[in-house]
There are 2 protein chains.
Amino acid sequence: MSGSVTGLPRLPPANRTRDAINVIAEYISRTGLKPNERLPTEHEVMAALGIGRSTVREVMRHFQALGVVETRRGSGSFLLKPVSAATVHVPLSFDPGPVRDGLLQTLDVRRGLEVEASMLAAVRADADDIAKMRATLEEMERVHLEKGTAGREDLAFHLSIYDATHNPLFGQIMEQMRGAFESFFEKPFDRPDFARRSFPFHRELFDAIAGRDAPLAREKTLQILAIVEEDIKDMSK
Amino acid sequence: MSGSVTGLPRLPPANRTRDAINVIAEYISRTGLKPNERLPTEHEVMAALGIGRSTVREVMRHFQALGVVETRRGSGSFLLKPVSAATVHVPLSFDPGPVRDGLLQTLDVRRGLEVEASMLAAVRADADDIAKMRATLEEMERVHLEKGTAGREDLAFHLSIYDATHNPLFGQIMEQMRGAFESFFEKPFDRPDFARRSFPFHRELFDAIAGRDAPLAREKTLQILAIVEEDIKDMSK
DNA sequence: TGATGTCTGTTGTCTGATAACTTTCAGGCG
DNA sequence: CGCCTGAAAGTTATCAGACAACAGACATCA
C-alpha cells in the first residue's frame with residue numbers, strides 16, 4: 001500500500017485550536033480555578049495566547065459541549081466542573097427513544113452502578129463516611145416526614161454513598177446522567193409520590209453499609225430500585 | 001430580588017448556534033446519514049441555514065467535542081456515530097490521577113455494569129442473541145488457542161453480551177470508556193498475557209447466560225473481573 | 001509506468017465590525 | 001436614607017471577508 005510506515009503515529013495537521021484547548025485546560029488546573037468561577041474574557045485569552053477570537057470561541061464551544069464550561073452572554077464564561085490537563089472526557093450519546101424507554105434503560109445502568117457502589121461502600125467506608133451518610137439520611141428522613149417528599153435530600157444521601165466508595169467515578173457518572181435527563185424531559189423525580197414506598201428501605205440500606213454487610217447492602221439497593229422501576233412503569237400507564 | 005419566579009426555567013437568550021446544532025442533528029437523522037459518510041461543507045450549511053461560517057464552525061466544534069463528528073482539513077466533516085434530534089449527549093469528565101488508579105477506578109464501574117449486563121442477558125436473551133454469543137465465544141476460543149491471545153475477539157464476545165440485554169446503553173458506555181482510555185495511556189489490554197487466566201471462565205459465563213441462570217452469570221462475571229483486577233495490580237508493580 | 005506539478009475545493013485562522021445582553025453605578029425621587 | 005431608573009462600559013453572539021494550509025483529482029513529463 002501507500003507509505004504507511006509503522007512507528008510513525010500520523011500527527012494531526014497543525015491545529016492551533018486543539019493546542020489552545022490543552023493550554024486552557026492546563027491553565028485552569030494550574031491557577032486552581034474552582035467551579036462557578038469566571039474564566040478570562042475572550043479578549044484576554046486572545047491577547048494572552050496570540051490567537052484570533054474565533055479560535056478562542058471554538059475552544060470555549062468545545063468545553064461547553066463537554067459540559068465543563070458555561071458561557072453567559074454579556075457576563076463571561078464560567079467553570080462548571082473542575083478540569084485539568086489530565087482530565088479524561090468521555091462523551092456518551094444514545095437515543096432513548098420514548099421517554100419511558102429512556103428512563104428504564106438508564107435504570108438498568110443505574111442498577112448496576114448503585115448496587116456496586118453500595119457494596120463497595122460497605123467494604124471501604126471509614127468512620128467519617130458513615131457519619132456523613134448518617135447525617136444525610138437523617139436530614140432526608142426529617143424533610144420527608146415534614147413535607148412528604150425529599151427529592152433533593154434523597155439525592156444527597158445517595159451521593160454520600162458514592163463518596164464512601166472513595167471512587168469519584170460513581171458520583172460523576174450518576175450525577176451527569178441525571179442532569180442530562182432532567183434537561184431533556186420533565187423531571188419525574190420531583191413528583192410528590194414518586195418512589196415514596198422506597199423511603200423505609202433507605203435506613204435499612206444505611207444500616208447494612210454501616211454494618212459492613214455487602215450482600216445485604218446489595219439486597220436493599222435492589223429493593224429500592226425495584227420500587228423505582230415499578231413507579232416508572234405505573235407513571236407511564 | 002428581581003423576578004426569580006420558581007417553576008419558570010429561565011430560557012436562554014436566543015441562541016442561533018444552539019438552534020443550528022439541533023437543526024444539523026435533525027438533518028443527520030432525517031437524511032439517514034451513516035457513520036463514515038460526509039456532511040455538507042461549511043459553505044453549504046452556511047448558505048442553507050442562512051448563518052455565518054463562524055457559527056457553522058462552532059456547531060461542528062460542538063459535535064467534534066462530543067465525538068460525533070470528525071473534521072479533516074481539506075476534506076470535510078465526517079460522521080463518526082449515528083445521531084438524531086432525540087440523541088442525548090452525556091459528557092463525562094474525570095481526573096483519573098495516576099494511570100493505575102484510573103484503571104482500578106474504571107474497573108469498579110465496569111464491574112457494576114458488566115455484572116448487571118450479564119444478569120440481564122441471562123433474563124432477556126432470545127435465541128438469536130444466544131446464537132451470536134456462542135459464535136463470538138467460539139471465534140474467541142479459536143483465536144486464543146491459535147495465537148495465545150485474543151483481545152479483539154474477547155471484546156466482541158463481551159459486546160455480544162451487552163447486545164443481549166437489549167439495552168444499547170451498556171455497549172455505548174463501555175465502548176466509549178474503553179476508547180477514551182486507550183487514547184490517553186498505552187493500552188495494556190493488548191498485552192499477550194493480560195487476563196489470560198480468565199479465558200476458561202468465558203465459556204462458563206456463556207453457559208450460565210444460555211442456561212438462564214442469572215446468579216451464576218453474576219458469579220462468573222465477578223470471577224473474570226477479579227482476575228483482571230489482579231493483573232492490573234501486578235502489572236503496575 | 002510512476003513520480004511530480006497544478007488546480008480546485010475544503011477546512012483553519014485572523015481581522016474587524018455590529019448587535020444584544022449583563023453589570024455597574026450615578027442620579028433622581030419619594 | 002432607600003429605591004427605582006436609565007445611561008455607560010464590558011462581554012458575548014454573530015456576521016462578513018480575507019488569506020493560508022491541506023487533500024484529492026487531474027494533467028504533465030521523464
Side-chain angles (χ1 to χ4, degrees), chain A residues 1-5 8-24 27-28 33 36-80, chain B residues 1-5 8-24 27-28 33 36-80:
Chain A
M1 295 301 114
S2 64
S4 167
V5 183
L8 290 182
R10 179 185 192 76
L11 43 90
N15 192 331
R16 275 157 95 62
T17 304
R18 203 143 292 276
D19 292 343
I21 287 174
N22 293 328
V23 169
I24 294 294
Y27 166 86
I28 293 176
L33 206 62
N36 243 341
E37 292 187 342
R38 221 187 83 162
L39 278 70
T41 69
E42 294 178 354
H43 272 100
E44 287 170 343
V45 174
M46 184 181 126
L49 302 188
I51 61 182
R53 193 155 94 90
S54 15
T55 305
V56 176
R57 285 194 57 76
E58 291 193 29
V59 172
M60 291 309 177
R61 185 64 65 182
H62 173 91
F63 285 119
Q64 253 182 82
L66 260 35
V68 165
V69 156
E70 178 192 34
T71 120
R72 297 197 272 270
R73 172 178 183 145
S75 306
S77 292
F78 298 82
L79 194 63
L80 291 182
Chain B
M1 298 294 116
S2 61
S4 167
V5 184
L8 289 181
R10 181 183 194 76
L11 42 90
N15 192 327
R16 278 164 91 69
T17 304
R18 204 144 291 279
D19 291 344
I21 286 174
N22 292 328
V23 169
I24 296 294
Y27 166 86
I28 293 175
L33 206 64
N36 243 342
E37 291 185 344
R38 219 187 84 159
L39 278 71
T41 70
E42 294 178 354
H43 273 98
E44 287 169 344
V45 174
M46 184 179 126
L49 302 189
I51 60 182
R53 190 169 158 231
S54 5
T55 305
V56 176
R57 285 193 58 75
E58 292 192 28
V59 171
M60 292 308 178
R61 186 63 67 181
H62 173 92
F63 285 118
Q64 257 183 80
L66 260 34
V68 165
V69 156
E70 179 191 35
T71 119
R72 299 197 270 270
R73 170 162 162 166
S75 304
S77 292
F78 298 82
L79 194 64
L80 291 181

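Naming convention: chains lettered A, B, ... in sequence-line order (proteins, then strands); numbering from 1 in each chain. No experiment lies behind these values; they were computed from the predicted model shown. Below, each value reflects all heavy atoms present in this structure, side chains not excepted, and no hydrogens, waters or symmetry copies.
Taking atom NE2 on A:His43 and atom C1' on C:dT15, their separation rounds to 11 Å, with Å as the unit. Following rounding to the nearest Å, A:Glu42 (CD) and C:dT22 (C1') show an atom-to-atom distance of 14 Å. Taking atom CE of residue A:Met60 and atom P of nucleotide D:dT14, one finds them 15 Å apart after rounding to whole Å. In this structure, B:Ile21 places its CD1 atom 13 Å from C1' of D:dA13, rounding to the nearest Å. Whole-Å rounding puts the B:Arg72 CZ to C:dG9 C1' distance at 15 Å. As rounded to whole Å, 17 Å separates atom P of D:dC22 from atom CD of B:Glu70. For the pair A:Arg16 CZ and D:dC19 C1', the interatomic distance rounds to 14 Å; values are reported in whole Å.
Between D:dA13 and B:Thr17, no contact under 4.0 Å exists linking OP1 or OP2 to a side-chain N or O. Considering only side-chain N and O atoms, B:Asn15 lies nowhere under 4.0 angstrom from the phosphate OP1 or OP2 of C:dA20.
Taking 4.5 Å as the limit, every side-chain heavy atom of A:Leu80 sits out of range of all side-chain heavy atoms of A:Asn36.
The minimum heavy-atom distance between A:Gln64 and A:Thr71, with the atom names listed, is NE2-CG2, 2.8 Å. Annotation for B:Leu79 and B:Leu39: closest pair N-CD1, 3.5 Å, computed over non-hydrogen atoms. B:Ala20 approaches B:Val59 most closely through the heavy-atom pair CB-CG2, 3.6 Å. Shortest non-hydrogen contact noted between B:His62 and A:Ala65 is ND1-CB, 3.4 Å. Pairing each heavy atom of A:Thr17 with each of A:Thr55, the nearest pair is OG1-CG2, 3.5 Å. Contact record, A:Ile24 with A:Phe63: CG2-CE1, 3.8 Å, taken as the closest heavy-atom pair.
Expressed to the nearest 0.5 Å, how far CZ of B:Arg53 lies from CE of B:Met46 amounts to 8.0 Å. Taken to the nearest 0.5 Å, the CG atom of B:Asn15 stands 7.5 Å off from the CD1 atom of B:Ile21. With values rounded to the nearest 0.5 angstrom, B:Glu58 atom CD is found 10.0 Å from B:Arg61 atom CZ.
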For DNA chain C, please output the secondary structure as dot-bracket, reading 5' to 3'. Pairs are Watson-Crick or G-U wobble, both atom distances under 3.5 Å; mark crossing pairs with [ ], other-strand partners with |, unpaired with a dot. ||||||||||||||||||||||||||||||
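The closest donor-acceptor contact from the side chain of A:Arg38 to the backbone of A:Ser75 lies under 3.5 Å.
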Taking only N/O atoms, report every protein-nucleotides 4-10 of chain D pair under 3.5 Å with atom names and distance.
residue	atom	partner	partner atom	Å
D:dG10	N2	A:Gly74	O	3.2

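Within residues 44-57 of chain A, the residues having any heavy atom under 4.0 Å from DNA chain D are, by residue number, A:Arg53, A:Arg57.
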